[in-house]
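First the structure, in the form of structure tokens, and then the observations on it.
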Amino acid sequence: MRKFLAHLKDWRNVTIFDNTENLPNVSFYQMPSINSSIKYNPDIQLDGDAWYRITLNETQRQEMLWPYINNTAWATSTSLINAENYDEVKALFLLEKDDMISNSRTKMIITKVTTSKIIKPQKILHFLNWSAEIIEQEKAITFNGHIDAYYDGDDKLYFKSLPAIKSLFSWIEIFHKKATQAQKMEFLENDFFTTTKDRSIFRVGDRNLRRISLVMEQLASKWVDLSSHETRNKYLDYANKYKASWKISIDISTDWKLQFDTNEDLWEILDVLEENLYTTEISWEQRVSHTNKTA
Amino acid sequence: MKIFAIKFFLSIASFTWVLFFLFVWKKINIPFVSASWVWQSDLTNIFIYLKYLLMFWGVLGFSYIWILFVRKFLPTISGTEIITEIKPIEGSFLPVYIGLFVIALSFSDKLQPETITLLFVLFIFWAFLDWVSYFNPFWLLFFYRFYEVKSSSGSTFTLITQESDIKITSWTYTLDNLIRINNFTYLQK
């Protein structure tokens with residue numbers, strides 16, 4: 001079974017092509033073959049034809065995919081699209097299911113339709129060899145077969161860019177934030193830091209969240225252990241040097257620890273952990289660099 | 001365009017049988033065909049019945065041709081449908097047609113071509129609203145049955161099929177080779 005549908009603004013699905021005569025119109029829109037995929041990490045760039053991948057549990061599948069594939073894969077379950085609906089289309093998607101196997105899963109590829117892709121009826125000057133003609137363009141949506149996301153029927157969702165599919169899947173934001181929520185708590189509760197605020201409700205900005213996940217990965221990969229006194233002393237000496245210029249607060253009341261009370265303090269602590277602060281050789285200027293490019 | 005034409009003539013075929021019965025009931029003569037040139041007395045009656053038989057075959061043929069066109073020219077939907085409830089529905093169309101018949105009868109005392117045209121237009125309009133799902137009793141002669149079917153996705157539609165007396169014995173029943181006539185009427189090849 002192959003079915004090409006449109007997802008409308010009010011969460012309805014309507015069929016565009018569903019039979020042996022009109023499905024060949026979208027024969028170029030096929031399930032992709034995923035050669036390489038990496039677990040989603042916003043700070044890692046994709047190369048070549050790689051895809052980001054996220055694994056969904058039962059609840060996430062239900063919230064994110066059911067609006068598209070629940071009860072739409074059957075022959076009579078959706079009505080045909082009407083010309084009036086054309087400017088309500090939010091996404092175009094193709095479902096594929098093997099009817100020979102019972103309980104087979106439905107695969108899906110989906111393309112977002114933004115308002116820029118919706119063409120109003122207009123006159124178009126059409127160029128041919130040695131001549132031109134005016135064509136009355138009817139209501140149309142441009143569609144070149146670009147795939148924004150692919151669901152493999154099981155529990156994995158593949159995509160190339162998270163911002164592009166944010167509006168398609170309602171819970172993908174929360175999915176992304178939950179992963180960093182755990183990391184955030186792990187970071188804030190680290191013994192090396194101290195704060196007068198309540199850590200469980202401490203609000204960490206989006207950019208800091210990303211830096212936290214990156215820093216934790218980098219420290220783990222370099223075998224830096226924040227619990228060892230030696231490491232901590234090294235960081236404290238380093239922080240001390242730049243304390244005045246960059247407003248890093250070091251709490252010396254209980255034990256020597258880096259203190260944060262606001263989101264901005266965290267920014268500075270992360271600069272320390274990433275060793276972004278340095279002094280120039282010749283003019284002895286204190287600078288901060290965020291490029292982190294190694295040789 | 002082709003789909004629109006087939007649906008239009010399907011709905012005409014749904015109502016031609018009403019007109020046929022109307023003609024027979026009111027003993028209306030078909031223009032240009034009269035018994036005057038046949039031998040007098042005994043054979044006149046036979047000729048009238050022959051005329052009605054020909055009309056019957058004409059309407060039957062017209063009804064059958066459009067089913068053939070639907071099977072041949074309308075595309076098959078990819079995929080299957082799983083249904084959970086099924087019910088024969090021919091019985092519920094009869095009151096509708098009897099009602100139409102009675103209305104037509106009440107007009108037929110002053111049967112002008114304009115009245116017939118108006119009735120025809122009303123019938124077709126009614127058919128396009130999908131109220132009678134293209135029901136045509138002549139199709140029963142070709143072993144087509146009409147069922148009201150509830151699918152697993154919760155929606156109800158009309159199924160026209162040549163399989164008779166379907167009952168769902170296992171938990172579900174799978175339909176395939178469906179042709180869409182409109183969003184709520186499907187023909188199984």
Side-chain angles (χ1 to χ4, degrees), chain A residues 1-8 11-27 29-31 62 65-85 92-109 138 153, chain B residues 1-7 69-87 89 128-130 133-134 146-161 166 168 170-189:
Chain A
M1 186 273 315
R2 262 170 78 85
K3 205 165 169 180
F4 185 62
L5 302 105
H7 187 75
L8 303 180
W11 297 92
R12 269 190 308 143
N13 293 315
V14 287
T15 304
I16 301 181
F17 301 136
D18 69 346
N19 58 57
T20 45
E21 246 181 45
N22 54 31
L23 271 175
N25 286 330
V26 281
S27 54
Y29 195 52
Q30 297 276 357
M31 300 284 151
Q62 205 132 7
L65 299 169
W66 260 214
Y68 300 100
I69 65 178
N70 187 30
N71 280 338
T72 44
W74 305 113
T76 72
S77 45
T78 45
S79 298
L80 283 177
I81 193 167
N82 216 333
E84 308 162 340
N85 303 136
L92 297 169
F93 61 108
L94 181 84
L95 297 177
E96 212 171 75
K97 192 163 84 121
D98 193 341
D99 288 321
M100 294 296 124
I101 306 170
S102 65
N103 286 334
S104 71
R105 300 278 203 140
T106 312
K107 297 190 200 175
M108 172 176 87
I109 41 177
E138 308 272 333
Chain B
M1 205 51 220
K2 154 184 95 175
I3 295 178
F4 179 78
I6 291 179
K7 278 165 67 168
F69 278 13
V70 165
R71 288 177 68 114
K72 192 153 186 261
F73 294 116
L74 287 187
T76 322
I77 299 179
S78 151
T80 58
E81 182 71 49
I82 288 189
I83 58 177
T84 53
E85 281 178 28
I86 192 161
K87 191 173 87 167
I89 205 182
F128 262 122
L129 288 179
D130 305 333
S133 303
Y134 303 101
F146 286 72
Y147 295 97
E148 181 179 299
V149 154
K150 185 163 175 186
S151 71
S152 59
S153 50
S155 54
T156 308
F157 60 90
T158 306
L159 175 72
I160 308 172
T161 175
I166 300 177
I168 299 177
S170 61
W171 185 247
T172 57
Y173 187 90
T174 307
L175 297 174
D176 55 1
N177 277 335
L178 292 172
I179 297 175
R180 170 190 271 117
I181 301 180
N182 65 38
N183 279 327
F184 293 100
T185 313
Y186 295 85
L187 171 76
Q188 183 174 33
K189 257 182 150 161

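Atoms considered below: every heavy atom in the structure, side chains included; atoms not considered: hydrogens, waters and symmetry mates. Each chain gets a letter, A, B and so on, in the order the sequences are listed, and its residues count up from 1.
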Please identify, among [options], the residue contributing the most non-hydrogen atom pairs under 4.5 Å to chain A.
options                  : result
L178(B), I82(B), D176(B) : I82(B)
G79(B), S155(B), S153(B) : S153(B)
S152(B), S78(B), G154(B) : S78(B)

(message) Is it the case that over 12 heavy atoms from other parts of the model lie below 6.0 angstrom from the CD atom of Q30(A)?
(response) yes
(request) Count the heavy atoms of every other residue, nucleotide or ligand shown that sit under 6.0 Å from CD1 of I3(B), and state whether that count exceeds 12. (result) no
(request) With a 4.5 angstrom heavy-atom cut-off, could you sort out which part of T72(A) is near chain B: side chain, backbone, both or neither? (result)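 Contact with chain B: none, neither part.
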(request) Please say which of V149(B), I179(B), I77(B), L175(B) ends up in a side-chain contact (heavy atoms from CB on, under 4.5 Å) with Y186(B). (result)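 Single side-chain contact (heavy atoms from CB on, under 4.5 Å) partner of Y186(B) among V149(B), I179(B), I77(B), L175(B): I77(B).
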(message) Given heavy-atom pairs under 4.5 angstrom as the criterion, report whether the side chain, backbone, both or neither of T174(B) touches chain A.
(response) neither
(request) Check each of Y29(A), Y68(A), F4(A), F17(A) against F93(A) using the ring-ring contact (aromatic ring centres under 6.0 Å, His included) test, and report the only one that passes. (result) Y68(A)
(request) Between chain B and each of N71(A), T76(A), N19(A), T20(A), count heavy-atom pairs under 4.5 Å; write down the option with the most. (result)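 The option with the most such pairs is T76(A).
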(message) Testing T78(A), T106(A), D18(A), N13(A) one by one against K3(A) for a side chain to side chain donor-acceptor pair (under 3.5 Å), which residue passes?
(response)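 Considering T78(A), T106(A), D18(A), N13(A), a side chain to side chain donor-acceptor pair (under 3.5 Å) with K3(A) is found only for T78(A).
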